[in-house]
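Chain letters run A, B, ... following the sequence lines, proteins first, then strands; residues in each count from 1. Since this is a predicted model, take the numbers as computed values, not measurements.
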There are 2 protein chains.
Amino acid sequence: MTASSHRTAPDHTHPDDVPVQTALAALADPVRLVLVRELAGSADWSRSCGSFDVPVGKAALSHHFSVLRGAGLVEQRDEGPKRVNRLRRAEFDARFPGLLDLVLRDD
Amino acid sequence: MTASSHRTAPDHTHPDDVPVQTALAALADPVRLVLVRELAGSADWSRSCGSFDVPVGKAALSHHFSVLRGAGLVEQRDEGPKRVNRLRRAEFDARFPGLLDLVLRDD
DNA sequence: GTGAGTGTATGGTTTTCATCGAACACTCGG
DNA sequence: CCGAGTGTTCGATGAAAACCATACACTCAC
């Protein structure tokens with residue numbers, strides 16, 4: 001009915017409610033860094049969770065996305081059987097100016 | 001003779017040689033964050049390692065400073081029996097524009 | 001309804017990291 | 001030369017985090 005999916009909608013944290021430390025920790029992981037970067041290079045809602053090229057299993061992937069949500073970096077929405085993602089660029093940028101640019105610009 | 005101290009001079013890493021990930025990881029620790037912030041509020045070379053108000057023993061403190069050096073955040077110099085510190089503001093800022101400001105401005 | 005595709009939850013293993021206590025190295029003032 | 005002060009190194013411990021395999025929940029096409 002709710003056009004939603006798996007069981008319950010994912011709970012998001014707004015960047016404004018995120019401590020710097022949490023944001024830094026979220027970005028200080030190689031796998032999550034790849035997720036954020038690939039996400040930055042894709043249109044909003046165009047990438048499902050499974051569409052990323054990272055060397056971890058589904059379970060770990062799911063956990064990483066949970067961390068990214070908790071850091072206010074990613075928003076998720078259920079679309080049919082898949083969960084699609086969006087990088088919260090503007091909101092995150094407003095809260096942590098320059099941080100996202102930094103991790104995206106870097107080799 | 002060398003006017004130095006403990007055994008060997010500490011080996012520093014220039015911010016230019018530091019991967020983003022390393023920088024983020026270094027700053028994503030509560031103790032190190034305190035060190036960096038207190039350091040930012042003090043004059044260069046005015047603070048010895050033991051002069052910081054953090055709830056850890058000497059061994060852990062020493063390790064944290066080692067991490068900060070490795071991230072290009074702190075420079076150290078031996079001054080008599082004590083090792084004094086300096087925040088590498090300009091250099092680190094040049095490598096990671098805005099990052100330091102971010103962690104310093106935050107509540 | 002069934003089966004394929006997708007993501008989450010759980011439990012357990014492994015790795016990583018912060019921490020401590022104790023031993024050591026160095027400097028300096030007596 | 002000693003002793004106090006300062007910081008590093010080592011080994012061990014404990015907690016946190018990443019990871020996997022399995023089992024489960026949901027959606028959709030057929």
| request: Please state how far atom CG in B:Leu27 lies from atom P in C:dA18, giving the value in whole angstrom units. | output: 12 Å

| request: Round to the nearest Å and state the distance from A:Gln76 atom CD to C:dT8 atom P. | output: 6 Å

| Do B:Arg32 side-chain atoms and B:Ala26 backbone N/O form a donor-acceptor pair below 3.5 Å? | yes

| query | Given atom CG of A:Asn85 and atom C1' of C:dT6, what is their separation to the nearest angstrom? | reply | 13 Å

| said: Out of the candidates A:Gln76, A:Arg77, A:Arg47, only one should pair with A:Asn85 under the side-chain hydrogen bond (donor to acceptor under 3.5 Å, both in side chains) rule; please name it. | reply: A:Gln76

| Are the side chain of A:Arg95 and the backbone N or O of A:Asp17 linked by a donor-acceptor pair below 3.5 Å? | no

| task | Calculate the interatomic distance between A:Arg32 atom CZ and D:dA18 atom P; express it in whole Å. | result | 5 Å

| message | Within the 4.0 Å heavy-atom criterion, would you say B:Ser48 contacts the bases, only the backbone, or no part of the nucleic acid? | response | sugar-phosphate

| field | Distance, rounded to the nearest Å, where A:Lys82 contributes NZ and C:dT8 contributes P | value | 13 Å

| request: State which of C:dT19, C:dG5, C:dA23 makes the closest approach to the side chain of A:Pro81. | output: C:dG5

| query | Relative to the 5' end of DNA chain D, which residue comes earlier, A:Lys58 or A:Ala25, by the nucleotide with the nearest heavy atom? | reply | A:Ala25

| field | Euclidean distance, atom CG of residue B:Asp78 to atom P of C:dC28 [Å, nearest integer] | value | 10 Å

| query | Given D:dG7, C:dG7, D:dC19, which nucleotide is nearest the side-chain atoms of A:Ala60? | reply | D:dC19

| query | Mapping B:Ala59 and B:Val67 to their closest nucleotides on DNA chain C, which lands nearer the 5' end? | reply | B:Val67

| remark: In whole angstroms, the gap separating C1' of C:dG7 from CZ of A:Arg69 amounts to 11 Å

| query | Just how far, in rounded Å, is P of C:dA9 from CG of A:Leu61? | reply | 14 Å

| query | Nearest of D:dA18, D:dT8, C:dT19 to any side-chain atom of B:Val56? | reply | C:dT19

| task | Answer yes or no: is there a donor N or O on one side and an acceptor on the other, between the side chain of A:Ser62 and the main chain of A:Ala59, under 3.5 Å? | result | no

| said: Between the side chains of B:Glu91 and B:Arg86, is the shortest nitrogen-to-carboxylate-oxygen separation below 4.0 Å, so that they form an ion pair? | reply: yes

| field | Residue A:Ser62, side-chain atoms from C-beta onward, closest of C:dT6, C:dT19, C:dT8 | value | C:dT8

| field | From D:dA18, C:dA9, D:dC19, nucleotide with atom closest to A:His63 side chain | value | D:dA18

| Are any of B:Arg83's side-chain N or O atoms less than 4.0 Å away from OP1 or OP2 of D:dT8? | yes

